[in-house]
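Sequence lines set the chain letters: A, B, ... in the order given, protein chains first and strands last, and positions in each chain run from 1.
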Amino acid sequence: MPELPEVETVRRGLQPVLEGARIAEVTLARADLRFPFPPGFRERVTGRRVVSLGRRAKYLLADLDDGTVLVMHLGMSGAFRIEQAATQTVPGAFHYARSEDRKHDHVIFHLERADQAGLRIVYNDPRRFGFMTLVPRAELESHPFFAGLGLEPVGNALDAETLAHLLAGKATPLKAALLDQRIVAGLGNIYVCEALFRARLSPQRAAGTVATKAGRAGVRAERLAVAIREVIDAAIAAGGSTLRDHRQADGQLGYFQHTFQVYGREGEPCRTPGCGGTVRRLVQSGRSTFHCPRCQR
DNA sequence: AAGTGAACCTGAAGGC
DNA sequence: TGCCTTCAGGTTCACT
């Protein structure tokens with residue numbers, strides 16, 4: 001599921017439940033996800049209160065009241081579920097409705113809130129490419145996960161000038177450059193395809209050619225910067241994309257996938273008015289690229 | 001240095 | 001029905 005818009009959607013879903021809650025108990029179904037949980041993970045999280053829930057690129061950041069940050073990445077198939085106990089017969093004993101697939105529930109955070117009892121959030125991840133770790137707040141920016149991250153495509157950080165500068169001189173295909181988190185942080189395979197279509201730029205064009213010879217922003221860098229911001233903003237507003245039955249933390253489905261112009265549309269007509277081209281699929285560095293060879297140059 | 005491909009892991013979908 | 005292959009939203013590492 002998760003590129004930046006999906007992670008941001010998860011963040012917005014979890015925020016009202018997590019912020020201000022005390023993590024009363026942590027259940028780990030196994031010792032690792034993609035990486036082992038850090039030593040003492042369960043003990044270090046238990047009893048802490050969540051001060052705020054933020055996001056950087058595709059990382060969720062839960063600030064805890066002891067100054068550490070619970071860093072969470074959803075990998076390819078990670079998802080959170082919010083669960084509310086259906087009944088409370090005995091104080092402290094909760095019953096939860098059974099859900100379809102508990103097989104890959106790896107982490108349960110049991111929460112304690114003044115206004116609500118029996119609340120918990122469950123991390124499910126079939127492929128286990130996700131991970132969680134703990135980093136002191138003061139060391140977050142210098143941590144290897146974050147030190148090299150590029151521009152956030154939301155807000156004011158991503159402007160044509162900066163983007164052109166980052167791409168200048170690069171011979172790598174534009175598609176690969178935009179997937180590189182050191183340039184723009186948070187884009188993934190879908191939104192790179194969609195942004196390139198909106199910018200009418202070929203995924204195969206050398207990345208450096210979107211800048212002018214002087215390394216400054218030309219019309220192409222302008223178009224690309226605008227396209228990236230617009231597609232990410234629109235996707236967040238739509239609640240992200242729901243593929244392969246993934247759901248948001250509150251069970252809602254995102255609907256941006258209905259807005260895809262090229263992703264997954266191989267062989268279908270290009271939607272650029274008057275183009276008349278056909279969407280093609282090609283493989284670049286092992287990943288599918290969908291584009292219209294006619295209007296993307 | 002830069003670019004490509006494989007690896008990590010599981011499940012779904014399609015072909016035969 | 002079942003077996004096999006291919007593909008999937010991410011990231012890192014090894015190789016050319």
Given atom [atom1] of [X] and atom [atom2] of [N], what is their separation to the nearest angstrom?
X: A/Asp180; N: C/dT12; atom1: CG; atom2: P; result: 10 Å
X: A/Arg102; N: B/dG11; atom1: CZ; atom2: C1'; result: 19 Å
X: A/His73; N: C/dG9; atom1: NE2; atom2: C1'; result: 10 Å
X: A/Arg128; N: C/dA8; atom1: CZ; atom2: C1'; result: 17 Å
X: A/Asp125; N: B/dC8; atom1: CG; atom2: C1'; result: 12 Å
X: A/Leu187; N: C/dG10; atom1: CG; atom2: C1'; result: 13 Å
X: A/His106; N: B/dC9; atom1: NE2; atom2: P; result: 12 Å
X: A/Glu266; N: B/dG14; atom1: CD; atom2: P; result: 14 Å

Tell me whether A/Asp115 at atom CG has more than 12 heavy atoms from other residues, nucleotides or ligands lying less than 6.0 Å away.
yes

Look at the rings of A/Phe37 and A/Phe41 and say which category their plane angle falls in: under 30° parallel, 30 to 60° tilted, over 60° perpendicular.
tilted

Indicate yes or no: does A/Glu83 engage A/Arg102 in a salt bridge with an N to O separation below 4.0 Å.
yes

Of the listed nucleotides B/dG11, C/dG9, C/dT11, the one nearest the side chain of A/His104
B/dG11

What nucleotide, of C/dG9, C/dA8, C/dT11, holds the atom closest to the side chain of A/Lys58?
C/dT11

Roughly how many Å apart are [M] and [N], using the [atom1] atom of each and rounding to a whole number?
N: B/dG5; M: C/dC7; atom1: C1'; result: 16 Å
N: B/dA7; M: C/dT5; atom1: P; result: 15 Å
N: C/dG9; M: B/dG3; atom1: C1'; result: 23 Å
N: C/dT6; M: B/dA6; atom1: P; result: 12 Å

Can you list the residues that meet the side chain to side chain contact (heavy atoms under 4.5 Å, CB included) rule with A/Ala214, with sequence neighbours excluded?
A/Thr212, A/Arg216

Partners of A/Ala217 by side chain to side chain contact (heavy atoms under 4.5 Å, CB included), sequence neighbours excluded?
A/Ala160, A/Glu161, A/Ala164, A/Ala221

Applying salt bridge (charged side-chain N to carboxylate O under 4.0 Å, His left out), can you list everything that pairs with A/Arg220, at least two apart in sequence or on another chain?
none

Going by the rule salt bridge (charged side-chain N to carboxylate O under 4.0 Å, His left out), which residues pair with A/Arg137 if we only count those two or more places apart in sequence or in a different chain?
A/Asp63

Do we see A/Phe129 stacking on the base of B/dC8, given a limit of 5.5 Å between centres and 30° between planes?
yes

Any side-chain N or O of [X] under 4.0 Å from OP1/OP2 of [N]?
X: A/Lys103; N: B/dT10; result: no
X: A/Arg287; N: C/dC7; result: no
X: A/Ser288; N: C/dA8; result: yes

Using a heavy-atom cut-off of 4.0 Å across all strands, would you classify A/Arg127 as base, sugar-phosphate, or nothing?
base

Can I get a per-line list of side-chain donor-acceptor pairs under 3.5 Å for residues 23-36 of chain A, giving both atom names and the distance, sequence neighbours left out?
unit_1: A/Thr27; atom_1: OG1; unit_2: A/His110; atom_2: NE2; d: 2.8
unit_1: A/Arg30; atom_1: NE; unit_2: A/Asp32; atom_2: O; d: 2.8
unit_1: A/Arg30; atom_1: NH2; unit_2: A/Asp32; atom_2: OD1; d: 3.2

Below 3.5 Å, can you tabulate the donor-acceptor pairs from side chains in residues 183-196 of chain A to any protein atom, sequence neighbours excluded?
unit_1: A/Asn189; atom_1: OD1; unit_2: A/Lys175; atom_2: NZ; d: 2.9
unit_1: A/Asn189; atom_1: ND2; unit_2: A/Ser288; atom_2: O; d: 3.0
unit_1: A/Tyr191; atom_1: OH; unit_2: A/Glu6; atom_2: OE2; d: 2.6
unit_1: A/Tyr191; atom_1: OH; unit_2: A/Ser241; atom_2: OG; d: 2.7
unit_1: A/Glu194; atom_1: OE1; unit_2: A/Gln261; atom_2: N; d: 2.7
unit_1: A/Glu194; atom_1: OE2; unit_2: A/Gln261; atom_2: N; d: 3.3
unit_1: A/Glu194; atom_1: OE2; unit_2: A/Val262; atom_2: N; d: 3.0
unit_1: A/Glu194; atom_1: OE2; unit_2: A/Tyr263; atom_2: N; d: 2.8

Dot-bracket encoding per residue of DNA chain C, Watson-Crick/G-U cut-off under 3.5 Å, | denoting interstrand:
.|||||||.|||||||

Just grab all the side chain to side chain donor-acceptor pair (under 3.5 Å) pairs involving residues 40-51 of chain A, residues at least two apart or on different chains.
A/Arg48-A/Asp65

Are any protein N/O atoms closer than 3.5 Å to N/O atoms in nucleotides 3-7 of chain B? If there are, list each pair with its distance.
unit_1: B/dG3; atom_1: OP1; unit_2: A/Ala171; atom_2: N; d: 3.3
unit_1: B/dG3; atom_1: OP1; unit_2: A/Thr172; atom_2: N; d: 2.4

